[in-house]
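Naming: A, B, ... by sequence-line order, numbering from 1 per chain.
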2 protein chains.
Amino acid sequence: MVHNHDLENILKINGFKITPTRLAILKVFSHDCEPINAEFIFKKLKKEKVNIVTIYRTLTSFENVGILKHVDLQKDSAYYELSGHHHHHIICTDCGMVEGFEVCDIDNLTDKVLKNSNKFNIITKHSLELFGLCKKCVIK
Amino acid sequence: MVHNHDLENILKINGFKITPTRLAILKVFSHDCEPINAEFIFKKLKKEKVNIVTIYRTLTSFENVGILKHVDLQKDSAYYELSGHHHHHIICTDCGMVEGFEVCDIDNLTDKVLKNSNKFNIITKHSLELFGLCKKCVIK
DNA sequence: ATGTCAAATGCAAATGATTTGCAATCAAAA
DNA sequence: TTTTGATTGCAAATCATTTGCATTTGACAT
């Protein structure tokens with residue numbers, strides 16, 4: 001269970017002012033472990049009447065300081081998740097279901113790639129997502 | 001050097017009618033090995049006065065049959081490349097420069113991941129791109 | 001506690017990539 | 001050459017996201 005106190009700390013540490021909107025958005029992320037988009041947060045916060053523009057701005061600023069990570073699900077909008085532990089996703093191309101996985105030997109890959117590259121010597125991030133059909137959609 | 005004859009064959013094989021526009025678009029791809037977007041093709045074909053809507057439609061239909069592959073460079077528009085040999089890219093987050101690389105142990109990864117997954121057993125495709133700073137941009 | 005001020009938010013409008021509807025044109029099969 | 005469905009162009013629509021600007025508010029100093 002995540003306490004409000006923890007969320008406030010996240011904001012403080014990153015130099016943000018503590019506002020109800022930011023706390024609410026952080027809370028949505030701490031509830032839903034899967035990557036979510038602005039629209040999803042907007043709907044979750046219907047009662048709080050948070051403007052979607054504010055959500056977009058918050059997502060961007062949270063990503064800038066590293067609170068959030070942008071996840072590329074090859075969907076029509078931008079998805080984010082808390083950047084806690086390093087992991088990737090499998091996405092069902094039929095129903096959109098997302099499952100996380102930890103396996104990722106990126107350091108090894110990066111080493112090999114940089115050894116063969118004459119244009120790059122610094123890698124700062126990477127994308128790695130698998131796409132397939134979930135067991136339910138295979139049957140269809 | 002790619003001959004017109006080869007390009008026509010690609011269209012024929014995939015059940016497309018042979019049109020000047022499609023040949024021109026294919027030719028752009030055969031010249032530029034790096035992933036390109038609709039706007040780039042549009043500019044390259046200024047003389048031919050190809051409508052950008054047609055380019056979008058062509059890109060989509062080419063991707064559907066597998067002539068083209070959508071590459072996720074995390075830029076603002078959709079980039080495509082000929083789906084010939086399997087490879088990935090390093091993208092400079094500063095200047096946007098793109099370099100390809102072949103190293104990719106995806107089968108091994110897929111096996112491990114599916115072994116641990118209870119929701120998926122079929123992977124159809126994957127994304128894997130590295131992001132960093134090219135040697136020129138590191139200096140800046 | 002209160003005033004101050006930059007930061008945060010809301011609202012309306014703009015942006016920019018991509019899509020859609022529809023009419024005109026064209027490639028390819030008969 | 002005729003026919004017909006596919007292809008293209010043009011204008012307008014869409015949809016996620018961004019921007020400008022006025023208003024509000026959190027945090028710090030008084």
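Here B:Ile18 lies in heavy-atom contact (under 4.0 Å) with sugar-phosphate atoms only.
Taking only side-chain atoms of A:Thr60, from C-beta outward, the nucleotide of D:dT18, D:dT7, C:dA8 with the closest atom is D:dT18. Checking D:dT19, D:dT8, D:dC10 against the side-chain heavy atoms of A:Arg57 singles out D:dT19 as nearest. Relative to the side chain of B:Asn51, the nucleotides D:dT7, C:dA8, D:dC10 differ in distance, and D:dC10 lies closest. Listed nucleotides C:dA7, C:dT18, D:dT7 differ in distance to A:Lys17; the shortest reach to its side chain belongs to C:dA7. In the set D:dT18, D:dT7, C:dG10, C:dG10 carries the atom at the smallest distance from any side-chain atom of A:Val50.
In this model, the phosphate group of C:dT9 is approached by a side-chain N or O of A:Thr19 to a distance below 4.0 Å at OP1 or OP2. Phosphate proximity of C:dT19 to B:Tyr56: absent, as no side-chain N or O sits under 4.0 Å from OP1 or OP2. Contact annotation: B:Ser77 side-chain N/O to C:dA17 OP1/OP2 distance is not under 4.0 Å.
Under the 6.0 Å distance and 45° angle rule, B:Lys75 counts as a cation-pi partner of B:Tyr79.
Summarising the geometry, the separation between NZ on A:Lys49 and P on C:dG10 is reported as 11 Å, rounded to the nearest angstrom. Distance OH (A:Tyr79) to P (D:dT17): 9 Å, rounded to an integer number of Å. Rounded to whole Å, atom P of D:dG26 lies 14 Å from atom NZ of A:Lys12. The interatomic distance linking B:Phe62 (CZ) with D:dA6 (P) rounds to 16 Å, in whole Å. Spacing between atom CD1 of A:Ile25 and atom P of C:dT9 amounts to 7 Å, rounded to whole angstrom units. Between A:Phe40 atom CZ and D:dA16 atom P the separation is 16 Å, expressed in whole Å. For A:Ile55 and D:dT18, the CD1 to C1' distance is 15 Å, given to the nearest whole Å. Protein atom CD1 of B:Ile52 is 8 Å distant from nucleotide atom P of C:dA17, rounded to whole Å.
A single hydrophobic cluster is not seen to contain both B:Phe101 and B:Ile91; linkage of ILVMFWY side chains at heavy-atom distances under 4.5 Å, directly or through other members, places them apart.
Counting heavy atoms from C-beta on, the side chains of A:Leu82 and A:Phe62 never come closer than 4.5 Å.
Relative orientation of the A:Tyr80 and A:His70 rings is perpendicular, given thresholds of 30° and 60° on the angle between their planes.
Between B:Ala78 and A:Arg22, it is A:Arg22 whose nearest contact on DNA chain C lies nearer the 5' terminus.
Of the options B:Leu128, B:Thr124, B:Ile106, a side chain to side chain contact (heavy atoms under 4.5 Å, CB included) to A:Leu130 is made by B:Ile106 and by none of the others.
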